[in-house]
Asks: 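The structure's right below; bear with me while I get my questions together.
Chain A is the first sequence line, chain B the second, and so forth, proteins listed ahead of strands; every chain is numbered from 1. The shown structure was predicted, so the numbers you read here are calculated from the model rather than taken from an experiment.
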Amino acid sequence: MFDKVRVRFAPSPTGGLHLGGVRTVLFNYLYAKKYNGDFIVRIEDTDQGRFVEGAEKYIFNCLDWCGLVPDESIFHGGPYAPYRQSERKAIYRQYAEQLLKKGNAYYAFDTTAELEFMRERLKSEGSNSLQYDHRIRMSMNNSLRLSAEETKGLLDAGTPYVIRIKVNPGEPVSFTDMIRGDMEFDTNNVDDKVLLKADGMPTYHLAVVVDDYLMKISHAFRGEEWLPSAPVHILLWKYLFGLDQMPQWAHLPLILKPDGNGKLSKRDGDRLGFPVYAMDWTDPITNDITKGFKELGFLPEAFINLLAVLGWNDGTEQEIFSLEELIDKFSIERVHKGGAKFDFEKAKWFNHEWIKKLGIGHYEGRVKEIFEKNGIRIADDQYLHKVMGLIKERCVLLPDFYTQGVLFFEAPNAYDEVSVKPKWNDDKKSYFNDIIELFEHLEAWDAVAIEEAFKLLASQKNIKAGELQMIFRVMLVGGKTGPAQFVIAETIGKAETIKRVRNALEVFG
RNA sequence: GGCGCGUUGGUCAAGGGGUUAAGACGCCUCCCUUUCACGGAGGAAUCACGGGUUCGAAUCCCGUACGUGCUACCA
């Protein structure tokens with residue numbers, strides 16, 4: 001039926017790109033690439049009222065950062081252009097008219113007020129259904145109830161109208177969802193959805209079906225929130241192109257907020273202190289910035305990984321997957337049916353793992369930027385590289401390289417005196433005065449040699465080396481943190497080590 | 001309210017009639033290290049509930065509860 005796997009991601013350019021959105025892209029992408037298929041990005045901007053400046057470009061930046069490169073899109077071109085629905089407006093009308101002609105759709109002239117009135121009436125009658133459907137359409141202002149002349153008259157007079165699908169009650173609708181299995185719907189409670197709006201733009205329902213057909217989409221994976229309107233799409237496929245042309249569906253589970261219940265939203269992230277968007281999003285009107293995973297210091301490899309295993313696993317104990325491995329191992333059938341709560345702690349764990357796993361070169365540039373943003377000029381890239389190697393296993397997010405690594409660039413300006421004071425005495429003071437001299441004459445300046453000299457002097461002076469080491473550490477970095485103190489000394493160099501010991505000596509008295 | 005979808009530790013989850021019900025995150029204890037982290041060894045903690053079916057149910061069926069999604073000329 002389809003000679004090639006073709007999937008699409010169809011975002012609306014209305015703001016930041018949500019975690020759930022990225023995961024939807026990811027699952028589509030993985031499936032397509034697994035079968036050497038195409039990944040298409042189509043912009044669903046049929047609601048001009050919600051259009052947000054800059055959102056399009058932003059979405060592609062996010063995809064780019066994630067490494068999920070489209071084969072066809074508004075920016076990548078392709079044989080089925082245009083890929084922006086607002087530019088395809090005329091196409092949809094054609095199909096709406098075809099539906100009209102076949103009797104599967106009708107004109108509706110009801111005003112907003114009339115629709116509201118209808119719902120009020122239904123509510124007061126105690127009806128369970130407030131929908132515009134077969135139960136009430138013959139009492140509404142549409143071409144089904146009106147005579148042909150009346151309809152023509154309204155049309156000729158330029159009366160605003162929409163085109164609605166005519167859903168026949170009792171018509172069987174079913175499809176096989178690749179995740180949920182066989183699905184059946186009762187068209188008795190499917191409403192006559194608007195297909196073409198008064199402004200001539202299609203609604204999502206018409207647009208997806210038409211574009212999926214025209215763009216030869218073979219598999220359509222989308223969020224679970226679309227399940228209730230799936231029967232409308234199936235019907236449209238049936239009326240317009242035939243069910244044998246329809247893509248295979250899969251409805252992905254939702255990503256839920258970590259506390260309580262409900263779909264994860266931007267607000268939850270703000271409230272709980274973690275990002276929900278892939279990258280920083282600046283609202284063009286309010287200029288409010290919403291934090292993204294990237295800017296918080298996530299690696300794209302980790303971001304992709306954590307999203308992939310939220311609702312999917314390969315059945316083994318493996319948790320760390322590269323994009324290539326995911327393409328190899330992904331199977332849509334193994335995606336869960338139930339939603340998953342997002343756990344930021346686990347998300348950070350993935351990033352930690354990827355920082356350790358990846359070569360420093362993968363993120364060195366970003367770390368350098370972070371240092372410079374914090375006012376530390378990196379004159380020597382080699383040195384930064386070396387420092388990063390020393391601290392990478394203790395960094396969870398990229399900015400941790402700064403907090404863990406500043407000590408290699410700047411002497412401490414405060415000391416953990418609470419730890420040092422109880423152990424500080426004249427013997428120790430003289431020890432450190434002597435060690436300075438010893439260091440100055442040390443030939444080889446490496447961790448092993450430094451440690452040997454350090455311990456030798458300790459035993460000569462009959463002081464426990466352990467206590468001295470702690471103090472030495474505080475002298476070098478200000479607190480009880482960081483890698484092995486002799487390694488620090490080696491790295492910052494002889495002159496700097498001596499300088500820091502001298503400084504500390506003055507403070508400790 | 002109606003309709004849909006779902007429900008294995010706190011979280012992610014394996015498992016699909018017979019298991020001591022994996023593993024991971026987080027938490028706790030210990031070891032390593034006189035720092036922190038990494039690493040290692042342990043620990044606490046689970047099949048929503050009620051009925052069936054069956055020799056046997058986390059697994060199959062039916063209810064109930066709970067959650068969630070949709071119910072727009074938004075996607």
Asks: Find the distance Phe344(A):CZ to rC25(B):C1' and express it as a whole number of Å.
Replies: 13 Å

Asks: Identify which nucleotide among rA14(B), rC38(B), rG4(B) has an atom closest to any side-chain atom of Glu393(A), counting heavy atoms from C-beta outward.
Replies: rC38(B)

Asks: According to side-chain hydrogen bond (donor to acceptor under 3.5 Å, both in side chains), who are the partners of Asn104(A), at least two apart in sequence or on a separate chain?
Replies: none

Asks: Are the aromatic ring centres of Phe221(A) and Phe27(A) under 6.0 angstrom apart?
Replies: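 Judged by ring-centre distance (under 6.0 Å), Phe221(A) and Phe27(A) do not meet the cut-off.
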
Asks: Which sits closer to the 5' end of RNA chain B, Glu467(A) or Ser127(A), going by the nucleotide each is nearest to?
Replies: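 That would be Ser127(A).
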
Asks: Using every non-hydrogen atom in the two residues, find where Ile435(A) and Phe454(A) come nearest and quote the distance to one decimal.
Replies: CD1-CA, 3.8 Å

Asks: From CE of Met470(A) over to P of rU34(B), roughly how many Å is that when rounded to an integer?
Replies: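 Atom CE in Met470(A) sits about 13 Å away from atom P in rU34(B).
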
Asks: May I have all residue pairs that pass salt bridge (Lys or Arg N to Asp or Glu O under 4.0 Å) and include part of residues 395-414 of chain A, sequence neighbours excluded?
Replies: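 Those involving residues 395-414 of chain A do not exist here.
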
Asks: Kindly say if Lys356(A) contacts the phosphate of rG39(B), meaning a side-chain N or O under 4.0 Å from OP1 or OP2.
Replies: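 Looking at the OP1 and OP2 atoms of rG39(B), one of them is under 4.0 Å from a side-chain N or O of Lys356(A).
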
Asks: What's the gap between rU19(B) and rU35(B) when it is taken at their P atoms, as a whole Å value?
Replies: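 47 Å, rounded to whole Å.
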
Asks: How close do Leu115(A) and Arg164(A) get, heavy atom to heavy atom, and via which atoms?
Replies: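 That closest heavy-atom pairing would be CD2-NH2, 3.9 Å.
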
Asks: Using whole Å, report how far NZ of Lys341(A) lies from P of rG10(B).
Replies: 10 Å

Asks: I'd like to know if the side chain of Tyr58(A) and the backbone of Leu17(A) have a donor-acceptor N/O pair within less than 3.5 Å.
Replies: yes

Asks: Listed in order of residue number, which residues of residues 479-487 of chain A have a non-hydrogen atom at under 4.0 Å from RNA chain B?
Replies: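 The answer is Lys480(A), Thr481(A), Gly482(A), Pro483(A), Ala484(A).
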
Asks: Send over the distance from Phe321(A) CZ to rG23(B) C1', rounded to a whole Å.
Replies: 12 Å

Asks: Does Trp349(A) have Lys346(A) sitting over its ring (NZ/CZ under 6.0 Å from centre, angle to axis within 45°)?
Replies: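 Judged by the rule (NZ or CZ under 6.0 Å from the ring centre, within 45° of its axis), Lys346(A) counts as positioned above Trp349(A).
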
Asks: Which of these passes side-chain contact (heavy atoms from CB on, under 4.5 Å) with Leu196(A): Met201(A), Glu97(A), Arg93(A)?
Replies: Arg93(A)

Asks: Please name all residues satisfying side-chain hydrogen bond (donor to acceptor under 3.5 Å, both in side chains) with His219(A), sequence neighbours left out, ordered by chain then number.
Replies: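 Expected list: none.
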
Asks: Between rA48(B) and rA58(B), how far is it from one C1' atom to the other, in whole Å?
Replies: 12 Å

Asks: With sugar-phosphate meaning primed atoms plus P, OP1 and OP2, does Gly311(A) contact a base, only sugar-phosphate, or nothing at under 4.0 Å between heavy atoms?
Replies: sugar-phosphate

Asks: Determine whether Leu306(A) and Phe342(A) make a side-chain contact, defined as any pair of heavy atoms from C-beta on separated by less than 4.5 Å.
Replies: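 Counting from C-beta outward, Leu306(A) and Phe342(A) do come under 4.5 Å.
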
Asks: N/O contacts under 3.5 Å, protein versus nucleotides 28-33 of chain B?
Replies:
none

Asks: Could you check how far CG of Asp343(A) sits from P of rG9(B), rounded to whole Å?
Replies: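 One finds 14 Å between P of rG9(B) and CG of Asp343(A), rounded.
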
Asks: Show every salt bridge (Lys or Arg N to Asp or Glu O under 4.0 Å) that has at least one partner inside residues 195-215 of chain A, sequence neighbours left out.
Replies: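 Listed once each, the pairs are Arg8(A)-Asp212(A), Arg42(A)-Asp211(A), Arg42(A)-Asp212(A), Arg88(A)-Asp211(A).
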
Asks: Write down the distance between CG (Leu306(A)) and P (rA24(B)), rounded to a whole number of angstrom.
Replies: 18 Å

Asks: Hey, can you pull the donor-acceptor pairs under 3.5 Å for the side chains in residues 477-485 of chain A, sequence neighbours left out?
Replies:
residue	atom	partner	partner atom	Å
Gln485(A)	OE1	Arg473(A)	NH2	3.4
Gln485(A)	NE2	Gln469(A)	O	3.1

Asks: Regarding Glu116(A) and Arg119(A), does a basic nitrogen lie under 4.0 Å from an acidic carboxylate oxygen?
Replies: no

Asks: Could you tell me whether the side chain of Asp192(A) and the main chain of Val167(A) form a donor-acceptor pair under 3.5 Å?
Replies: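 Yes; at least one donor-acceptor contact below 3.5 Å.
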
Asks: With P as the reference atom in both, quote the distance from rG51(B) to rA37(B) in angstrom, rounded to an integer.
Replies: 49 Å

Asks: Please list each protein N or O that sits under 3.5 Å from an N or O in nucleotides 20-22 of chain B, with the distance.
Replies:
none

Asks: Would a 4.5 Å heavy-atom cut-off, applied to side chains only, mark Glu224(A) and Arg180(A) as touching?
Replies: yes

Asks: Base, sugar-phosphate alone, or nothing: which one does Met183(A) contact when heavy atoms must sit under 4.0 Å apart?
Replies: sugar-phosphate

Asks: Take atom CD of Glu125(A) as the centre, draw a 6.0 Å sphere, and report whether it contains more than 12 heavy atoms from other residues, nucleotides or ligands.
Replies: yes

Asks: Assert yes or no for the condition that the ring centre distance of Phe508(A) to Phe432(A) is strictly below 6.0 Å.
Replies: no

Asks: Need to verify one output field. Residue with the more 5' nearest nucleotide on RNA chain B, Cys395(A) or Ala347(A)?
Replies: Ala347(A)

Asks: Say we look at rG43(B) and rU59(B): how far apart would their P atoms be, to the nearest angstrom?
Replies: 28 Å

Asks: Tell me: CD of Glu319(A) to C1' of rC25(B), nearest whole Å?
Replies: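 Answer to the nearest Å: 8 Å.
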
Asks: Distance check: side-chain N/O of Asn189(A) vs OP1/OP2 of rG2(B), anything under 4.0 Å?
Replies: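 No, outside the criterion.
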
Asks: In B/S/- notation, 5' to 3', how is nucleotides 69-75 of chain B contacted by protein heavy atoms closer than 4.0 Å?
Replies: SSSSBBB

Asks: Nearest-Å distance, CG (Asp133(A)) to P (rG2(B))?
Replies: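 Distance, rounded to whole Å: 16 Å.
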
Asks: Using the P atom in both, what is the distance from rG16(B) to rC28(B), to the nearest Å?
Replies: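 So the two P atoms sit 34 Å from each other.
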
Asks: Between Asn188(A) and Asp186(A), do the side chains contain an N or O donor and an N or O acceptor separated by less than 3.5 Å?
Replies: yes

Asks: Please measure how far the C1' atom in rU7(B) lies from the corresponding atom in rG15(B), and state the result in whole Å.
Replies: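 Each nucleotide's C1' atom is 16 Å from the other's.
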
Asks: Both atom distances under 3.5 Å, Watson-Crick or G-U wobble: I'd like the secondary structure of RNA chain B as a dot-bracket string, with | for pairs made across strands.
Replies: ((((((((.[[[..)..(....]]].(((((.......)))))....[[[[[..)....]]]]])))))))....

Asks: Which part of the nucleic acid, if any, lies within reach of Val477(A) when heavy atoms closer than 4.0 Å are counted: base, sugar-phosphate only, or nothing?
Replies: nothing

Asks: Taking only Lys NZ, Arg NE, NH1 and NH2, and the carboxylate oxygens of Asp or Glu, determine whether Lys357(A) and Glu301(A) approach each other closer than 4.0 Å.
Replies: no

Asks: Determine the Euclidean distance between corresponding C1' atoms of rG18(B) and rG2(B); express it in Å to zero decimal places.
Replies: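 It works out to 43 Å between them.
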
Asks: Check RNA chain B against residues 409-421 of chain A and give the residues with a non-hydrogen atom under 4.0 Å, in numerical order.
Replies: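 None, since no heavy atom is under 4.0 Å.
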
Asks: For a quick check of understanding: with a heavy-atom distance under 4.0 Å over all strands, which category does Lys348(A) fall into, base, sugar-phosphate or nothing?
Replies: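 Lys348(A): no heavy atom of the nucleic acid under 4.0 Å.
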
Asks: May I ask you to say what Gln404(A) touches in the nucleic acid, namely base, sugar-phosphate or nothing, with a heavy-atom cut-off under 4.0 Å?
Replies: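 Nothing, no heavy atom under 4.0 Å.
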
Asks: Remember a base hit wins even if backbone is also touched, and classify His336(A) as base, sugar-phosphate or nothing at under 4.0 Å, heavy atoms.
Replies: sugar-phosphate

Asks: Taking the six-membered ring for Trp and the full ring for Phe, Tyr or His, determine whether the centres of Tyr92(A) and His205(A) are under 6.0 Å apart.
Replies: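 Between His205(A) and Tyr92(A), which both carry aromatic rings, the centre distance is not below 6.0 Å.
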
Asks: Let me have the donor-acceptor pairs involving side chains of residues 328-337 of chain A, under 3.5 Å, with sequence neighbours excluded, atom names and distances please.
Replies:
residue	atom	partner	partner atom	Å
Lys329(A)	NZ	Gln318(A)	OE1	3.0
Arg334(A)	NE	Asn313(A)	O	2.9
Arg334(A)	NH2	Asn313(A)	OD1	3.1

Asks: With rounding to whole Å, what would you report as the distance between rA22(B) and rC55(B) at their C1' atoms?
Replies: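 It works out to 27 Å between them.
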
